[in-house]
Structure formats: C-alpha cells, structure tokens
Amino acid sequence: MVSSHPFGIDFGGSGIKGAPVDVQAGDFAGERHRIETPQPSTPRAVAAVFAELLSRFPDSTGAVGVTVPGVVRHGVVESAANIDKSWIGTDADQLFTQATGREVHVVNDADAAGLAEVTYGAAKGHQGVVIVTTLGTGIGSAIVHRGALVPNSELGHLEVDGHDAESRAANSAREREELSWHQWAQRLTAYYRTVEKLFSPDLFVVGGGVSKHSAEFLPLLDINTPIIPAVLRNRAGIVGAALYARTGGA
Ligand code: BGC
C-alpha cells in the first residue's frame, strides 16, 4: 500500500537512520533503517545515502524531513560545530530535493527533538516556555512557547565559566574526561543555571542518548526549574523531522 506518511531522517555522526512516521500517533509507521554515515560526511556523500535509504521504502511518498546538527535557516545550513565544515553555506533543502526527487526540508536536530517532545512526549501540550536540551557530542537546544518553536537557539554555545558550554557539559565531555555522574552534574548545574538566568523557562526536558541514565544525574542537579527526561529518546529526531516536513518546513 502506498503511504503518504512523511519520512524522517536522523543524520548523526555514526549512523543515518530513517523511517516513515505516523504523525497522528507520533511514532514510526514502518521499520526503521540505518546506514553508516560516510566519512567524510560531506553534503554530497550524505545526499547519496539519503537516496539509498529512501529507495528502501518504495511505498513511502510523503515529504522528507532531515535533522542536521547545525543552524538551518530557510533550508541553508549556516554552522557546523561537530560536522564537516563543507556544510556551511549549503542549501541542503535544494541539494537533497534534487538528489532524492522528493520534497526535503532540513531542520536543526535539537529543534526536531523539541518539536517531537512538545507534540507527543515529555512536554506534550505544555503551554509555558519549554527548553529541550540534547546532551550528546554537543549540546543542542530547542525553545518552545505554547507549542511554537523559536528555531536555532544554539544554547549549547553559551559561554559558561569562560568556556563554550558544550565543550565542558556535553555528554562527550563526561566521557572524554571520565567524569563521575556527580562531577558532571556540577557542570550541568552551572550550565542550566545560566540558561535559567537568561530565559526563566517553566520546564527543561533532557534528551540525547544519555537521557536513558537520567536517574543517575538529574536528581543531582541544583537548579530551580523542573527538569525531566525526554520520552521519545532515539525516535525524537526522526519523528520531529517528519513532523517538520509535513508542515512544509516552517
Ligand atoms: C550545534 C547545534 C546542534 C547541537 C547538537 C551543536 O554543536 O551547534 O546546532 O543542535 O550541537 O547536535
């Protein structure tokens, strides 16, 4: 049966994962497929993988949403903190639409996760200011107010104690420096306090792979804002990207 479900692609440092998404249910509408991320992961090399991935779903015909770990404005990638620098200035919507023959819309990875968590997940229906942060290689952020996303907030690059925040508080810093949960929680406290001071959010949601260990570190944070783990976990990127694409990328 031909499905007009939108399709979500999560472009990560090690894998490119995709699935059709049922946007009523907020879940995959079919099996998820994964292909290794090519090295170097230039836009052209990645575009070829997207075409291969989509060819595995001949019945899927809907719009395609793709997460990118950088600033995305009107389909153009404008930063590349943790990816190949050749992404900067690439009109990714155009490149991927040409490469795949599908309508493709690119969205910042944390913004996709934020949309998914507010629409279906941990902050479903929340009417205040919700800040979704993803703790991974970098720190991603999504600011959502009454369900509406303010894109490209890039709060992982706030300066905290004289450092680019993600260089000390991302999950990659915890792993690299072999920090205990307690040591990492101190850095996260400094980070979230800075965000609190600037934005006075009503709720923080914490995503990224490490959120499955949230019981180890969230109770150790000393901040004033409620902070809860994401619930869509590794589905958030795909589901959020598909949701974004279905609304025409804006
Ligand atoms: C990038 C963001 C991205 C985050 C998580 C940061 O380094 O600047 O755009 O959302 O990493 O991948």
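As the structure lists them, so they are numbered: ligands from 1, and atoms in each ligand from 1. Owing to the predicted nature of the structure, the values given are computational and were not obtained by experimental measurement. Positions are given from 1, in the same order as the sequence printed here.
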Visitor: As an exercise, identify every atom of ligand 1 less than 4.0 angstrom from a heavy atom of G140.
Guide: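 Per the distance check, 4 (C), 5 (C), 10 (O).
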Visitor: Would a 4.5 Å heavy-atom cut-off, applied to side chains only, mark V118 and V205 as touching?
Guide: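 No, every pair of side-chain atoms sits at 4.5 Å or beyond.
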Visitor: Please check whether T134 reaches ligand 1 - meaning an N/O of the residue sits under 3.5 Å from an N/O of the ligand, judged on distance alone.
Guide: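 The answer is no, given that T134 and ligand 1 share no N or O pair closer than 3.5 Å.
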Visitor: Compare every heavy atom of E117 with every heavy atom of L232, then report the nearest pair and how far apart it is.
Guide: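 Nearest heavy atoms, L232 then E117: N-OE2, 2.9 Å.
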Visitor: Does a sphere of radius 6.0 Å around CZ in R56 hold more than 12 heavy atoms from other residues, nucleotides or ligands, not counting ones at 6.0 Å or beyond?
Guide: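 Buried by this count: over 12 neighbours within 6.0 Å.
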Visitor: Where is the nearest protein heavy atom to atom 9 (O) of ligand 1: which residue, which atom, and how far?
Guide: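 Protein heavy atom with the smallest distance to atom 9 (O) of ligand 1: E154 OE2, 2.5 Å.
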Visitor: Can an N or O of N108 be found at a distance shorter than 3.5 Å from an N or O of ligand 1?
Guide: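 Right, the criterion is met.
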Visitor: Classify the contact between T137 and ligand 1 as side chain, backbone, both or neither, using a heavy-atom distance cut-off of under 4.0 Å.
Guide: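 Answer for T137: neither.
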Visitor: Is it the case that over 12 heavy atoms from other parts of the model lie below 6.0 angstrom from the NZ atom of K124?
Guide: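 Result for NZ/K124: open.
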Visitor: Verify side-chain contact (heavy atoms from CB on, under 4.5 Å) between I223 and Y191, making sure each step is shown before the conclusion.
Guide: CA-CA 10 Å; I223 60 175; Y191 174 66; over 6 Å; no
Visitor: Which heavy atom in D10 sits nearest to a heavy atom in I238, and how many Å separate them?
Guide: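 So the minimum-distance heavy-atom pair works out to CB-CG1, 3.7 Å.
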Visitor: Which ligand 1 atoms are under 4.0 Å away from a heavy-atom of H157?
Guide: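 So the atoms of ligand 1 that pass are 1 (C), 6 (C), 7 (O), 8 (O).
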Visitor: Using a 4.0 Å heavy-atom cut-off, say whether A81 meets ligand 1 through its side chain, its backbone, both or neither.
Guide: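 It is the side chain that touches ligand 1; the backbone stays farther off.
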Visitor: Taking atom 10 (O) of ligand 1 as the point of reference, which of N82, L135, D109 owns the nearest heavy atom?
Guide: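 It is D109 that holds the nearest heavy atom.
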Visitor: Looking at D161, I want to see if its CG is surrounded by more than 12 non-hydrogen atoms of other residues, nucleotides or ligands under 6.0 Å.
Guide: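 It does not: D161 CG has 12 such atoms or fewer within range.
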Visitor: For the 3.5 Å polar cut-off, considering only N or O atoms, please tell me whether S79 and ligand 1 meet it.
Guide: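 Min N/O separation from ligand 1 is not below 3.5 Å for S79.
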Visitor: Taking only heavy atoms of G70 into account, list the atoms of ligand 1 that are under 4.0 Å away from them.
Guide: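 Atoms satisfying the 4.0 Å criterion: 9 (O).
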Visitor: For ligand 1, is I139 a contact, meaning one of its heavy atoms is under 4.0 Å away?
Guide: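 Contact present.
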Visitor: Under the criterion side-chain contact (heavy atoms from CB on, under 4.5 Å), I'd like the reasoning laid out for E52 against I35: C-alpha separation, chi angles, the key distance, then a yes or no.
Guide: CA-CA 9 Å; E52 150 74 17; I35 299 179; 3.3 Å; yes
Visitor: Do me a favour and list the nearest non-hydrogen protein atom to atom 7 (O) of ligand 1 with residue, atom name and distance?
Guide: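 It is E166 OE1, 2.9 Å.
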